[in-house]
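Values reported hereafter were calculated over all heavy atoms of this structure, with side chains retained and with hydrogens, waters and symmetry mates removed. Throughout, residue positions are numbered sequentially from 1 according to the sequence presented. We count ligands from 1, going down the list as the structure has it; atoms in each ligand are counted the same way.
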Amino acid sequence: MATILNSQDSYNVLEQELKRKLKFFPPLHLASVAIGEEYSTEVYRSSQLKVAERLGVEYRPVSLKRYISFKGFVAEIKKINDNRNVTGIIVNKPFPWPEEEVFSLIDEAKDVEGVHPVNLGKLCISSKTIADVGKDLFIPPTVRSILHVLSLSDLENVYGKRVTIVGFSSLVGRPLALLLANAFATVSITHIATSQKGDLPGYVERADILISAVGKPHLIKGDWIKEGAVIIDVGVGKKDGKICGDVELQAAKKRASFISPVPGGVGKLTPLFLFDNLIKAAQRGQKLKSR
Ligand code: NAP
């Protein structure tokens, strides 16, 4: 029977660490931009706000009109980039333009989600270990949260392990795959085409570590899971009115050795890593000012 992670203990430790680090800075300021009123974005922003309040960080939601033009959007982002009081910026999905056009507008020194092409590019060419790469770069908070949760399982050392990642977004699947491959895991990246071809069960069956970030309730069936596998569920969906993950938890429990569930696993810790990246942005800002 699998151990089911309850990330509250980690949350408490990480929160204390953040509070200690934040004492060395004047109040930091996070701008969180959203376009239109998307329910999932509002849920995400309200959890960011709660953590910001607990940490004493100034949180500024910037809500733009659904039909704002791209030119208007560029001007709004420029204003936030140029505002010296703003330490970090997030542009929440969804938005009606290609990701690369939107994410490249963010000042890369304030890019606390690590999505600017320069930050993703640096991550792509880095050959450092996971721990060292995190010191220099903005790693997307969800990825940091996944790596932290992985370190709580007994498969902390991924060397030579077969990892299947389901989902290939620039916020989760892509950077995660690069970092794990750098740590010498054998990584398979699966996505919509893998599912459509009927190959997903095979990739799940061979995984020592399965990480799923799709957002389709119970996409991964419990009986696909390898005996003793570590499962990190990241996807957030709703079934019968309840929040649930991509993996069929009850069935998976019987086969896996460790499960980070939804809710209660990675998602709880992600905002803390976001604010840790904000501290990194503040440190960079201080270095730039002192030059
Ligand atoms: P995203 O950009 O929509 O990416 C989802 C990925 O899943 C895409 O690569 C998509 O492929 C793939 N996909 C879609 N249907 C699939 C299927 N049937 N089989 C295999 N792959 C499929 O979303 P995201 O921002 O990465 O977020 C993914 C999920 O994680 C969402 O539920 C989100 O709410 C959750 N999330 C959780 C946290 C947390 O901290 N817990 C943080 C961020 C996101 P295509 O693009 O080709 O369709």
J.: Between Q8 and N12, is any side-chain donor less than 3.5 angstrom from a side-chain acceptor?
T.: yes
J.: Is it the side chain (CB and beyond), the backbone, both or neither of V234 that lies under 4.0 Å from ligand 1, heavy atoms counted?
T.: both
J.: Nearest protein heavy-atom contact for atom 33 (C) of ligand 1: which residue, which atom, what distance?
T.: V236 N, 4.3 Å
J.: Checking a contact table here: which protein heavy atom is nearest atom 26 (O) of ligand 1, and how many Å away?
T.: S169 OG, 2.5 Å
J.: For ligand 1, which part of T194 has a heavy atom less than 4.0 Å away: the side chain, the backbone, both, or neither?
T.: neither
J.: Is there a protein heavy atom at a distance of less than 4.0 Å from atom 7 (O) of ligand 1?
T.: yes
J.: Under 4.0 Å from a heavy atom of G267: which atoms of ligand 1 are those, numbered in the order shown and with their elements?
T.: 39 (C), 40 (O), 41 (N)
J.: Is the F184 ring parallel, tilted or perpendicular to the Y159 ring (thresholds 30°, 60°)?
T.: tilted
J.: Give, for atom CG of L147 and atom CG of L269, the distance between the pair rounded to the nearest 0.5 Å.
T.: 12.0 Å
J.: Under 3.5 Å between some N or O of ligand 1 and some N or O of T270?
T.: yes
J.: Verify the contact flag for atom 35 (C) of ligand 1, where contact means a protein heavy atom under 4.0 Å away.
T.: yes
J.: Among all protein heavy atoms, pick the one closest to atom 23 (O) of ligand 1 and tell me residue, atom and distance.
T.: K93 NZ, 4.0 Å
J.: What I'd like to find out is whether the side chain of I90 reaches to under 4.5 Å of the side chain of R45, using heavy atoms alone.
T.: no
J.: Just verifying a value: how many Å separate I231 CD1 and L249 CG, rounded to the nearest 0.5 Å?
T.: 8.5 Å
J.: Could you identify the single nearest non-hydrogen protein atom to atom 15 (N) of ligand 1 and state the distance to 0.1 Å?
T.: K216 NZ, 3.1 Å
J.: Can a protein heavy atom be found under 4.0 Å away from atom 3 (O) of ligand 1?
T.: no
J.: Can I get a per-line list of side-chain donor-acceptor pairs under 3.5 Å for residues 75-83, giving both atom names and the distance, sequence neighbours left out?
T.:
residue, atom, partner, partner atom, Å
K78, NZ, D82, OD2, 2.6
N81, OD1, D107, N, 2.9
N81, ND2, L105, O, 2.8
N83, OD1, N85, N, 2.8

J.: Note the single closest protein heavy atom to atom 43 (C) of ligand 1, along with its residue, its atom name and the distance in Å.
T.: T142 OG1, 3.5 Å
J.: Between S10 and H148, do the side chains contain a donor N or O and an acceptor N or O under 3.5 Å apart?
T.: yes
J.: If you round to the nearest 0.5 Å, how far is CG of N277 from CZ of F138?
T.: 6.0 Å
J.: Among side-chain atoms of R144 and T270, is any donor-acceptor pair under 3.5 angstrom?
T.: no
J.: Give me the residue, atom name and distance of the protein heavy atom closest to atom 31 (C) of ligand 1.
T.: V214 O, 3.8 Å
J.: Return yes or no for this condition: an N or O of E99 is under 3.5 Å from an N or O of ligand 1.
T.: no
J.: Take atom 10 (C) of ligand 1 and look for protein heavy atoms under 4.0 Å from it; say yes if you find one, no if not.
T.: no
J.: Residue-level breakdown please: for V166 versus ligand 1, do any non-hydrogen atoms fall below 4.0 Å on the side chain, on the backbone, on both, or on neither?
T.: side chain
J.: Do V115 and I106 have side chains that approach each other closer than 4.5 Å (heavy atoms only, starting at C-beta)?
T.: yes
J.: For ligand 1, is there an N or O atom under 3.5 Å from any N or O atom of G167?
T.: no
J.: Should we say atom CD of E227 is surrounded by more than 12 heavy atoms from elsewhere, each under 6.0 Å from it?
T.: yes
J.: Anything under 3.5 Å between a donor and an acceptor, one on a side chain of residues 200-210, the other on a protein residue two or more places apart or in another chain? List them.
T.:
residue, atom, partner, partner atom, Å
R206, NE, G202, O, 3.4
D208, OD1, K226, NZ, 2.6
D208, OD2, R162, N, 2.8

J.: Compute whether any side-chain donor of one residue and acceptor of the other, for Y59 and Q48, lie under 3.5 angstrom apart.
T.: yes
J.: Out of S195, G237, G235, who is nearest to atom 18 (N) of ligand 1 when you count heavy atoms only?
T.: S195
J.: Output yes when the distance from some N or O of ligand 1 to some N or O of T190 is under 3.5 Å, and no in every other case.
T.: no
J.: For ligand 1, note which part of V172 has a heavy atom under 4.0 Å away: side chain, backbone, both or neither.
T.: side chain
J.: S126 and N182: side-chain donor and acceptor closer than 3.5 Å?
T.: no
J.: F168 to ligand 1: N or O pair under 3.5 Å?
T.: yes
J.: Under a 4.0 Å heavy-atom limit, does I192 contact ligand 1 with its side chain, its backbone, both, or neither?
T.: both
J.: Which residue owns the protein heavy atom closest to atom 5 (C) of ligand 1, what's the atom, and how far is it?
T.: A213 O, 3.8 Å
